[in-house]
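Quick notes on the structure that follows.
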Amino acid sequence: MKQSSPSHSIPALTPLEGETALVHLPEAVNLPEEAIREHTPNDLDSNPRYSVSEFHSEILPDDRVVSVYLPPQYLEDEERRFPVFYLHDGQNLFDGRTSYLAERTWKAHTTADELTLNGEIEPVILVGVANTGLRRMAEYTPTRDFKLGGGEGPSYGRLLVEELKPLIDGSYRTLTDAKNTGLGGSSLGGLISLYLGFSCPEVFGKLAVMSPSLWWDQRSILRVVERTEPKPEGRIWLDIGTAEGFVMFETRRCWSVCC
């Protein structure tokens, strides 16, 4: 399988026996057509710590793009293993050519590099899982709403836990336990992160829940959290912005009361 960069010294994401395959694309510009913006030179194209792959699942129907960004220490210390942070809406994390709003990304890779260099966080492998467009709402919602539908979150969780995580762990030097495995996202991505953190605490021990859509399906996630016993022992970062409206603040208040 061809690497995303000719100087890439990291093993390709080869399929594990009996598992689904991640097939490396020749270059980042070979992303699905609907995700491509006008191609311009980008530092990511020549970065040996960044790779883009197409992922096929047997659990959900749509193929999706997976991006992996490694910390500098991964190339410097060949014996060291690293924690992993899985992030939803992967096309918005690194590359402005694939982001929903052109050239506006989370800058996840540069931020991680800066924080690592300053000693504020430990080196971490970032895994961005792109959404599938029209099916994003269905896959990022844990329950089915009477009006809006959705509810494929449990299947999406199985994709992450049963297919993608074993593949990442088998292809990179990762720390595989829950305390070294994080999951995060915003909006519906925050919602599904919270759900999976409570339904799969043995897998995801750290959660980044940003501007979560707690309102979904009459705040059904609050009932899920309230009924989960014993409560997970992991760590949760939860935030919302001050301009997100009364509904978000009221739902956040309900979260504080029940949790």
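One is the number of the first residue; the rest follow in order along the sequence.
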Exercise for the section: Provide the closest heavy-atom pair for P201 versus S199 in the form atom of the first, atom of the second, distance. Expected result: CD-C, 3.3 Å
Handout entry: Any side-chain heavy-atom pair of Y172 and F82 under 4.5 Å
Key = no
Problem - Heavy-atom check, side chain of L148 versus side chain of W216, under 4.5 Å - result: yes
Problem - Note: K147-D145 ion pair, threshold 4.0 Å (strictly below) - result: no
Problem - No-hydrogen, no-angle side-chain donor-acceptor test under 3.5 Å, Y69 and D113 - result: yes
Practice task
Would you confirm whether R219, through its side chain, and L214, through its main-chain N or O, come within 3.5 Å as a donor-acceptor pair?
Solution key: no
Exercise for the section: For N131, enumerate each residue passing the side-chain hydrogen bond (donor to acceptor under 3.5 Å, both in side chains) test, keeping only those at least two apart in sequence or located in another chain. Expected result: D89, Q91
Problem - Trace of the side-chain contact (heavy atoms from CB on, under 4.5 Å) decision for H109 with L93 - result: CA-CA 8 Å; H109 57 307; L93 301 176; over 6 Å; no
Handout entry: Between Y74 and R49, a side-chain donor and acceptor under 3.5 Å
Key = no
Fill in the blank from the handout: Taken to the nearest 0.5 Å, the spacing of N92 CG from W106 CH2 works out to 8.0 Å
Problem - For R135, all residues meeting salt bridge (Lys or Arg N to Asp or Glu O under 4.0 Å), sequence neighbours excluded - result: D62, E139, E152
Practice task
Kindly say whether K107 contributes a backbone atom to a donor-acceptor pair with the side chain of T110 at under 3.5 angstrom?
Solution key: yes
Handout entry: I221 vs L191 side-chain heavy atoms within contact, under 4.5 Å
Key = yes
Practice task
Measure the spacing between OG of S193 and CG of L160 and express it to the nearest 0.5 Å.
Solution key: 9.0 Å
Problem - Closest heavy-atom pair and its distance - L196, G157 - result: CD2-CA, 3.6 Å
Problem - Student check: side-chain heavy atoms of T105 and F94 closer than 4.5 Å - result: no
Problem - Qualifying residues under side chain to side chain contact (heavy atoms under 4.5 Å, CB included), relative to E233, sequence neighbours excluded - result: none
Completion exercise
With sequence neighbours left out, the residues meeting ring-ring contact (aromatic ring centres under 6.0 Å, His included) with F85 are none
Handout entry: L164 vs V66 side-chain heavy atoms within contact, under 4.5 Å
Key = yes
Just distance, no hydrogens or angles: give the donor-acceptor pairs under 3.5 Å from side chains in residues 174-189, sequence neighbours left out.
residue: T174; atom: OG1; partner: D169; partner atom: OD1; Å: 2.7
residue: D177; atom: OD1; partner: N180; partner atom: ND2; Å: 2.9
residue: D177; atom: OD2; partner: N180; partner atom: ND2; Å: 3.3
residue: T181; atom: OG1; partner: D177; partner atom: O; Å: 2.8
residue: S187; atom: OG; partner: S213; partner atom: OG; Å: 3.3

Problem - Non-neighbouring partners of Y140 that pass ring-ring contact (aromatic ring centres under 6.0 Å, His included), sequence neighbours left out - result: H88, Y156
Completion exercise
To the nearest 0.5 Å, atom OG1 of T228 lies from atom OH of Y195 at 9.0 Å
Problem - Smallest separation among heavy atoms of Q73 and R80, with atom names - result: CG-NH1, 3.9 Å
Problem - E229: salt bridge (Lys or Arg N to Asp or Glu O under 4.0 Å) partners, not counting sequence neighbours - result: K231
Problem - Spacing of OH belonging to Y86 relative to NZ belonging to K206, to within rounding of 0.5 Å - result: 14.5 Å
Problem - Residue pair S67 / V52: nearest heavy atoms and the distance that separates them - result: OG-CG2, 4.2 Å
Atom pairs and distances, side-chain donor-acceptor, residues 114-127, under 3.5 Å, sequence neighbours left out:
residue: T116; atom: OG1; partner: A112; partner atom: O; Å: 2.7
residue: N118; atom: ND2; partner: E114; partner atom: O; Å: 3.3

Exercise for the section: State whether the side chain of R235 and the backbone N or O of L207 hold a donor-acceptor pair below 3.5 Å, judged by distance alone. Expected result: no
Practice task
Would you name the heavy atoms of S57 and E163 that are closest together and state the gap between them?
Solution key: OG-OE1, 2.5 Å
Completion exercise
Rounded to the nearest 0.5 angstrom, the OG1-CD distance for T143 and Q218 is 9.5 Å
Problem - Non-neighbouring partners of D217 that pass salt bridge (Lys or Arg N to Asp or Glu O under 4.0 Å), sequence neighbours left out - result: none
Exercise for the section: Can you measure from NZ (K165) to SG (C200) and round to the nearest 0.5 angstrom? Expected result: 11.0 Å
Practice task
Report the residues that fulfil side-chain hydrogen bond (donor to acceptor under 3.5 Å, both in side chains) with D63, sequence neighbours left out, ordered by chain and then residue number.
Solution key: H56
Exercise for the section: Taking the side chain as every heavy atom from C-beta outward, state whether Y50 and D45 have any pair of such atoms under 4.5 Å apart. Expected result: no
Practice task
Could you tell me whether the side chain of R64 reaches within less than 4.5 Å of the side chain of L60, counting heavy atoms only?
Solution key: yes
Exercise for the section: Return yes if some donor-acceptor pair links the side-chain N/O of T98 with the main-chain N/O of D95 below 3.5 Å, else return no. Expected result: yes
Practice task
For residues L194 and P212, determine if any side-chain heavy atom of one lies less than 4.5 Å from a side-chain heavy atom of the other.
Solution key: no
